[in-house]
Undergrad: 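I'd like to ask you about the structure that follows.
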Amino acid sequence: MNEKIYKTMGRVGGGNIAMGAVLVVVGVATGILMIVSGAGLLKRRGEIMF
């Protein structure tokens with residue numbers, strides 16, 4: 001029984017590490033895109049006519 005728990009914990013732990021790495025990459029990419037988008041909006045806000 002303990003061996004089954006040991007193997008399951010190993011698979012789940014490895015999966016969590018892999019998923020965490022993927023989420024970090026996605027989070028960083030999203031953050032960069034938001035910064036670029038925000039900078040573009042700030043740059044063009046002077047073009048608004050009232």
Side-chain angles (χ1 to χ4, degrees):
M1 184 66 178
N2 286 339
E3 185 177 340
K4 186 176 179 181
I5 293 171
Y6 182 80
K7 287 181 180 181
T8 301
M9 288 177 69
R11 277 187 255 133
V12 171
N16 284 346
I17 291 171
M19 184 63 78
V22 169
L23 290 175
V24 165
V25 170
V26 169
V28 169
T30 302
I32 290 171
L33 289 174
M34 291 191 74
I35 290 170
V36 170
S37 176
L41 288 172
L42 288 175
K43 183 179 177 182
R44 295 190 60 186
R45 74 178 171 174
E47 297 175 14
I48 298 173
M49 302 181 105
F50 292 101

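Only this structure's heavy atoms are used, side chains among them; waters, hydrogens and symmetry mates stay out. Predicted, not measured: the structure shown is a model, and the values here were computed from it.
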Undergrad: Not counting sequence neighbours, which residues clear side chain to side chain contact (heavy atoms under 4.5 Å, CB included) with Val26? List them please.
TA: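 In terms of side chain to side chain contact (heavy atoms under 4.5 Å, CB included), with neighbours along the sequence ignored, Val26 is linked to Val22, Thr30.
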
Undergrad: For Lys43, give me all partners under side chain to side chain contact (heavy atoms under 4.5 Å, CB included), at least two apart in sequence or on another chain.
TA: none

Undergrad: For residues 7-32, pull every pair meeting salt bridge (Lys or Arg N to Asp or Glu O under 4.0 Å), keeping only residues two or more places apart or in separate chains.
TA: Glu3-Lys7

Undergrad: Name all residues meeting the side chain to side chain contact (heavy atoms under 4.5 Å, CB included) criterion together with Val12; count only those two or more places apart in sequence or in a different chain, and write none if there are none.
TA: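 Partners of Val12 under the side chain to side chain contact (heavy atoms under 4.5 Å, CB included) test: Thr8, Asn16.
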
Undergrad: Can you list the residues that meet the salt bridge (Lys or Arg N to Asp or Glu O under 4.0 Å) rule with Arg45, with sequence neighbours excluded?
TA: none

Undergrad: Apart from Met19 itself, what residues make up its hydrophobic cluster, given side-chain heavy atom links below 4.5 Å?
TA: Leu23

